[in-house]
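For reference, the structure is listed below as C-alpha cells.
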Amino acid sequence: MTPPPFVISIQSQVVLGHVGNSAALFPMQAAGLEVAAIPTVVFSNTSDYPTLRGRALPPEFFSDLLQGARERGLPERADYILTGYIGSLDVAQMVADFVAEAKAANPRLRYVCDPVMGDEGPGLYVPEAIAGVMRDRLLPMADIATPNPFELAWLTGLPIRGLADLQAARAALHIAPAAHLIATGCVLGDTRQGMLETVLLGPEGPSRHPTERLPIALPGTGDLFAGLLVAGIGRGLPVPRAIETAQALTARALRHAKALGAGEVVLSEPEFRRALLSLGSG
C-alpha cells in the first residue's frame with residue numbers, strides 16, 4: 001500500500017478560530033494527507049479580539065520539537081514542508097536551518113513558503129528582522145511561494161500594479177528558476193471589476209486565475225488557501241488546477257462563515273468537507 005503524502009506544517013496555532021495550522025491542518029488531513037504540525041506560536045485567539053493570551057514558543061522549546069522531528073525521521077519522510085507565521089527571530093532562524101537540512105537530506109521534498117508578514121490594512125505585522133529572514137533565507141529555498149501583493153512589495157521594494165511588476169518581483173526575490181511564485185489576492189490595473197486574481201509565475205510562464213472578490217475579510221483566509229493548495233498538489237493536481245480548487249473552497253468557507261454571522265473562517269460546512277474527501281479523485 002502506498003503511504004499518503006506527508007507534510008510538515010510549521011506555523012501558528014490558536015485555541016479559538018482558524019488561522020495558521022488551526023486553518024490548514026484539517027483541510028490537508030481531510031484530503032488524505034498525513035500532517036505533522038509544529039507550532040511557532042500558541043495563542044488563545046487572533047488579535048481581533050479584545051484580549052490575546054499565549055505567546056511565541058520559547059526558542060529552546062521550539063528547538064526541542066524540531067529535534068524530536070529529526071529523531072523520528074520526519075524530514076526524510078516528508079513530501080512537503082509548509083511554513084507560515086513565525087513569531088520570533090530565533091524561531092525564524094531555526095525554521096530556516098531546519099528547512100535547509102531537510103532539503104539536503106531529502107531531494108524529493110518540496111518546500112512551500114507562505115511568508116505571512118503583513119497585508120494592506122494592518123501593514124507589516126511581524127518585526128522587520130523576521131521578514132528579513134523570510135526574504136533572505138526562506139524564500140530562496142522555496143519551490144512554491146505564496147505572498148500577497150503587500151508582502152511581495154515589501155520583500156522586493158517594487159510596486160505591484162500589473163503583470164510586468166509581478167514578473168519583476170519574482171526575479172527580485174531570487175527564488176529558484178524552477179520555483180513557482182503564486183501571488184494571491186491581486187487587484188492589478190487590468191483586473192476585472194469585482195474580481196481578485198491569483199497569479200502564477202513559473203518556468204511554464206504566467207497564468208492568471210480570477211475569482212469573485214467577496215465582501216468578507218476574516219483572519220486565516222491566506223492560511224486556509226495555502227493549506228488547500230498543498231492538499232491539491234499533494235493529491236496530484238497540477239499547480240494551476242490546485243490554485244483554482246483552493247480559491248473555490250476558500251470562497252465556500254468564507255460564504256458559509258458570513259451566512260452564520262461568524263467572525264472566524266468556518267470549516268464544518270458539509271459540501272466543503274465532501275469536496276476535500278474527493279480532492280484529486282476526479
Side-chain angles (χ1 to χ4, degrees), residues 18-20 23-24 27 46 48 82 84-85 112-125 144-156 158-170 173 180-202 204-233 237-259 262-267 269 271-272 275-276 279:
H18 297 293
V19 300
T46 65
D48 302 85
L82 168 63
Y85 180 83
V112 182
C113 179
D114 185 13
V116 180
M117 46 185 276
D119 211 337
E120 292 295 343
L124 192 69
Y125 48 65
I144 298 172
T146 61
N148 63 40
F150 171 87
E151 291 161 343
L152 200 50
W154 192 95
L155 289 161
T156 63
L158 299 172
I160 305 299
R161 295 181 292 247
L163 182 60
D165 298 325
L166 288 171
Q167 291 170 318
R170 186 192 187 283
L173 278 181
H180 290 89
L181 174 67
I182 300 173
T184 63
C186 296
V187 180
L188 305 178
D190 59 347
T191 300
R192 297 202 319 270
Q193 188 172 2
M195 305 295 281
L196 289 173
E197 295 187 74
T198 300
V199 182
L200 169 63
L201 298 109
E204 310 88 351
S207 62
R208 300 173 67 164
H209 305 272
T211 188
E212 182 184 357
R213 186 175 189 174
L214 300 175
I216 309 165
L218 294 177
T221 302
D223 305 326
L224 175 61
F225 176 87
L228 289 165
L229 178 73
V230 173
I233 295 168
L237 298 183
V239 175
R241 187 175 165 205
I243 288 170
E244 292 173 356
T245 300
Q247 284 178 322
L249 289 177
T250 299
R252 177 177 283 279
L254 290 174
R255 288 192 182 98
H256 188 62
K258 183 180 181 182
E264 305 279 355
V265 171
V266 177
L267 305 181
E269 194 258 329
E271 287 302 320
F272 177 84
L276 289 169
L279 198 59

Item to complete: Enter the distance from Cys113:SG to Ile144:CD1 here, rounded to the nearest 0.5 Å.
Response: 11.0 Å
Item to complete: Tell me, yes or no, whether the heavy-atom count around Arg208 atom CZ, taken from other residues, nucleotides or ligands under 6.0 Å, exceeds 12.
Response: yes
Worksheet, complete the sentence: side chain to side chain contact (heavy atoms under 4.5 Å, CB included) with Leu181: of Leu173, Leu200, Leu166, Val199, only one passes, and it is Leu173
Worksheet item: Are Asp165 and Leu158 side-chain neighbours, meaning at least one heavy-atom pair lies under 4.5 Å?
Response: no
Worksheet item: What distance do Asn148 atom CG and Trp154 atom CH2 have between them, rounded to the nearest 0.5 Å?
Response: 13.0 Å
Fill in: Non-hydrogen atoms of Phe225 and Thr250 that approach each other most closely
CA-OG1, 3.7 Å
Item to complete: Taking the side chain as every heavy atom from C-beta outward, state whether Leu229 and Ile243 have any pair of such atoms under 4.5 Å apart.
Response: yes
Worksheet entry | Min side-chain heavy-atom separation Leu228-Thr245 under 4.5 Å | no
Fill in: Atom of Leu82, atom of Ala226 and distance for their closest heavy-atom approach
CD1-CB, 4.3 Å
Worksheet item: Looking at Arg170 and Leu201, what are the two nearest heavy atoms and their distance?
Response: NE-O, 3.4 Å
Discussion item. Does any part of the side chain of Met117, heavy atoms only, come nearer than 4.5 Å to the side chain of Leu124, both counted from C-beta?
Written reply: yes
Response to the item:
Taken to the nearest 0.5 Å, the spacing of Leu196 CG from Gln247 CD works out to 8.5 Å
Discussion item. Would Arg252 and Glu271 count as a salt bridge (Lys or Arg N to Asp or Glu O under 4.0 Å) here? Give the steps.
Written reply: CA-CA 9 Å; Arg252 177 177 283 279; Glu271 287 302 320; 5.3 Å; no
Fill in: Side chain proximity check, Leu218 to His18, heavy atoms < 4.5 angstrom
no
Worksheet item: Heavy-atom distance under 4.5 Å between the side chains of Leu214 and Lys258, does that happen here?
Response: no
Practice prompt. Specify the closest pair of heavy atoms between Gly118 and Glu151, including all atoms of both residues, with the distance to one decimal.
Written response: O-OE2, 3.2 Å
Practice prompt. Measure the CZ-CZ distance between Arg213 and Arg192 for me, rounded to the nearest 0.5 Å.
Written response: 14.0 Å
Practice prompt. Work out which heavy atom in Gly20 is nearest to a heavy atom in Asp223; give both atom names and the distance.
Written response: N-OD2, 2.8 Å
Practice prompt. Would you give the length of the straight line joining atom CD1 of Ile160 to atom CG of Leu152, rounded to the nearest 0.5 angstrom?
Written response: 4.0 Å
Worksheet item: So do the side chains of Pro27 and Leu224 get within less than 4.5 Å of each other, counting heavy atoms only?
Response: yes
Response to the item:
One should read off an interatomic distance between Asp114 CG and Thr184 OG1, to the nearest 0.5 angstrom, of 7.0 Å
Discussion item. Within the 4.5 Å heavy-atom criterion, are Thr146 and Thr198 side-chain neighbours or not?
Written reply: no
Worksheet entry | Distance-minimising heavy-atom pair for Leu249 and Ala275 | CD2-CB, 3.6 Å
Item to complete: Examine distances only and state if a side-chain atom of Thr191 and a backbone atom of Leu188 form a donor-acceptor pair shorter than 3.5 Å.
Response: yes
